Amino acid sequence: MAQEDVFKKLVSHCKEYGYVFPSSEIYDGLSAVYDYGQYGVELKNNIKKYWWDSMVLLHGNIVGLDSAIFMHPTIWKASGHVDAFNDPLIDNKDSKKRYRADVLIEEHLAKYEDKINKEIEKAAKRFGDAFDEQQFRETNPRVLENQKKMDQLQERFAKAMNDVNLEELRQIIIDNEIVCPISGTRNWTEVRQFNLMFSTEMGSTAEGASKVFLRPETAQGIFVNFLNVQKTGRMKLPFGIAQIGKAFRNEIVARQFIFRMREFEQMEMQFFVQPGTELDWFAKWKEIRMKWHQSLGFGADNYRFHDHTKLAHYANAATDIEYRFPFGFKEVEGIHSRTDFDLSQHQKYSGKKIQYFDPEMGESYVPYVIETSIGVDRMFLQVISASYTEEILTKEEGSSDSRVVLKLPSVLAPVKLAVLPLVKKDGLPEIAENIVKELRFKFNCQYDDKDSIGRRYRRQDAIGTPYCITIDHQTLEDETVTIRYRDSMEQERVKIGQLTDIIDEKVNISTLLKKL
RNA sequence: GCGGGAGUAGCUCAGGGGUAGAGCAUUAGCUUCCCAAGCUAAGGGUCGCGGGUUCGAAUCCCGUUUCCCGCUCCA
């Protein structure tokens, strides 16, 4: 089956079995927003718990934080989000290409510059040593003409950008007869602004309200709390701060199910280190994080690093951990060496000294930062697409049969076990109910006595329940039950009294953590 | 934004002017059988939305909207 079809089936499986629903579905949905259903939320919580414990529980020098989604607007000035991601975009209707309107105009300005320079070059050749560039610039009519046009355009462009006047930007493009480099036409759409960040009003009255942004990343909440955590926790470098939380981005297109959503959840850890040691720590965190992913057993071949050659303005090294999704290798987690960019920016904008006094070196400095940032939803998609399996089974008499099973790691599975009376009589349901009453304190359990036992097994397979406990007539005699394993479909007979220990050993999160 | 495809039951789809259908799923009961599809019954739909043509529209026409795929952007 084509991978694309597998993905489609996975998406509808998620909806049909209570993992992921399209948001606001009864009102025709809301593009690129999804809700997690009864099993989805359990799986998501388990993923978050596994990440949190691997960071905060296992590292004495990493602590947690839960900073607010609303933050002071200046934070986004300092981080560069306000200026760097506010591009005015324009489309050419013929070539269907989209451009940044400001870039088109800047390129046009550069053309005037080129023309002037060419004039000067020509003149320089002609006049030889006697050439006076300054005088030439001031007197040559063609240079003056171009210079004047350029200055006027520059002025008009700067004003339009400052005023965020999108209509004026379009008018500039039209007036200067700027054409699409591909189609060569001037058939332009309106200029539209794509804001990365969602904004809202803070303050209940219209007059007193001020604009605040919904955070586009959790990282800044960590940076602005650096001093609070460092001082109150008496933290010594190197140390880390971890946070799980929602973030919001106005993506231009948002697609591929929960891979790219407008509202999503991040698990970020910012690790503060001594300047100069950051690349060693970068390498170390690459290794740690890859190990975390691979501990889930989805196959080492399905992961790779994608090192960035083009770095963001704040980074001096960056890599992605990519997973082989049904639609190709895609980023799940980013690891960035962010230098001291963020803390320095906040130091500058807030006017507060954000530094660490290093007792060994006897001096203060702005720490460097290694960031690990993983998308919860992408991780969810990784887990579920690695687990989704369609199997053809051959029965003993030769007929074939199929099943859909989510082979989720037991530790992450939403429902750990189902307790099933083989038949709905002879006191078997009562025994099953008693077992559920006992086990529900430790595990997410289900009881089911509807339909044939085979159907009930298949239902549990579809939601990824790793263990089914079946109560049969032998139970009445010797207090044993069978455990049926989801992946192998094999069964094992055990004492009722042993169930807690047997299951706990398999589903306890520490089983995974010990592998790290 | 452009191009293409699609909206009929929870899911997969049929029906192309004349009473809204099937399979699976769901619920209740029967059956008691260790790996789906045994029996009986029930519930569930203003056929995406709005307008038009018509005695009559899920069906024809116009508009609109949502979703999916591709392109443009992505710290």
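Any value given below was found using the heavy atoms of this structure, including those in side chains, with hydrogens, waters and symmetry copies removed. Computed from a predicted structure; not experimentally measured. Below, read A as the first sequence line, B as the second, and so on, with proteins coming before strands; counting in each chain starts at 1.
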Can you tell me how far P in U65(B) sits from the matching atom in U27(B), rounded to whole Å?
39 Å
Could you pick out which residue, Ile471(A) or Tyr34(A), lies toward the 5' side of RNA chain B when each is mapped onto its nearest nucleotide?
Ile471(A)
Test ring-ring contact (aromatic ring centres under 6.0 Å, His included), reference Phe259(A), set Phe325(A), Tyr323(A), Phe264(A), Tyr34(A), output is Phe325(A)
If I pick the C1' atom on U19(B) and the same atom on C11(B), what distance separates them, to the nearest angstrom?
26 Å
Give a yes/no verdict on a cation-pi contact between Arg338(A) and Tyr368(A), requiring under 6.0 Å between NZ or CZ and the six-membered ring centre and an angle within 45° of the axis.
no
Rounded to the nearest Å, what distance is computed from the NE2 atom of residue His336(A) to the P atom of nucleotide A75(B)?
9 Å
So, is G21(B) syn or anti if syn means the angle is within 90° of 0?
anti
Checking Val423(A) now: which residues fulfil side-chain contact (heavy atoms from CB on, under 4.5 Å) with it, not counting sequence neighbours?
Lys425(A), Asp426(A), Leu428(A), His473(A)
With side chain to side chain contact (heavy atoms under 4.5 Å, CB included) as the test, pick out the partner of Met379(A) among Val383(A), Asp377(A), Leu381(A).
Val383(A)
CD of Glu331(A) versus P of C73(B): gap in Å, rounded?
17 Å
Spacing of the P atoms in U12(B) and G48(B) (rounded, Å)
15 Å
Val366(A): which residues meet the side-chain contact (heavy atoms from CB on, under 4.5 Å) condition with it, sequence neighbours left out?
Asp340(A), Leu343(A), Ser344(A), Gln347(A), Gln355(A)
Considering only the C1' atoms, how many Å lie between U64(B) and C71(B), rounded to the nearest integer?
25 Å
Between P on A75(B) and CD1 on Ile374(A), what's the gap in Å once rounded to a whole number?
18 Å
At a cut-off of 3.5 Å, list every protein nitrogen or oxygen paired with a nitrogen or oxygen from nucleotides 25-32 of chain B, distance to 0.1 Å.
residue: A25(B); atom: OP1; partner: Arg455(A); partner atom: NH1; Å: 3.4
residue: U26(B); atom: OP1; partner: Arg459(A); partner atom: NH1; Å: 3.4

Figure out the CZ/P separation between Phe341(A) and A75(B), and round it to whole Å.
15 Å
Side-chain donor-acceptor pair present, Thr475(A), Asp472(A), cut-off under 3.5 Å:
yes
Roughly how many Å is it from CD in Gln345(A) to C1' in A75(B), rounded to a whole number?
14 Å
Find the runs of at least 3 consecutive base pairs, i with j, i+1 with j-1 and so on, that include RNA chain B, using Watson-Crick or G-U wobble geometry with both distances under 3.5 Å.
B:1-7 with B:65-71, B:10-13 with B:21-24, B:26-30 with B:38-42, B:48-52 with B:60-64
Who pairs with Ala315(A) by side-chain contact (heavy atoms from CB on, under 4.5 Å), at least two apart in sequence or on another chain?
none
So, are Asp448(A) and Arg456(A) salt-bridged, with charged N and O less than 4.0 Å apart?
no
Cation over ring face, Lys77(A) and Tyr349(A), 6.0 Å, 45°
no
I want to check one thing: is the phosphate of C11(B), taken as OP1 and OP2, less than 4.0 Å away from some side-chain N or O of Lys15(A)?
yes
Separation of the C1' atoms in G29(B) and C47(B), to the nearest angstrom
33 Å
If I take atom CD in residue Gln220(A) and atom P in nucleotide A75(B), what distance separates them, rounded to the nearest angstrom?
16 Å
Partners of Tyr485(A) by side-chain contact (heavy atoms from CB on, under 4.5 Å), sequence neighbours excluded?
Tyr467(A), Ile483(A), Ser488(A), Glu492(A), Lys506(A)
Of the nucleotides A37(B), C34(B), C74(B), which has the atom closest to the Thr470(A) side chain?
C34(B)
Residues Asn434(A) and Glu430(A): side-chain donor-acceptor under 3.5 angstrom:
no
Span that lies between the P atom of G7(B) and that of A14(B), in whole angstrom
8 Å
Quickly work out the Arg249(A) CZ to C73(B) P distance and round it to whole Å.
18 Å
Taking the C1' atom in each of C69(B) and U53(B), what is the distance between them to the nearest angstrom?
35 Å
Looking only at atom P, what distance separates U32(B) and U8(B), rounded to whole Å?
41 Å
Just how far, in rounded Å, is P of C34(B) from CZ of Arg458(A)?
15 Å
Just call it for Gln491(A): base, sugar-phosphate, or nothing, with non-hydrogen atoms closer than 4.0 Å on any strand.
base
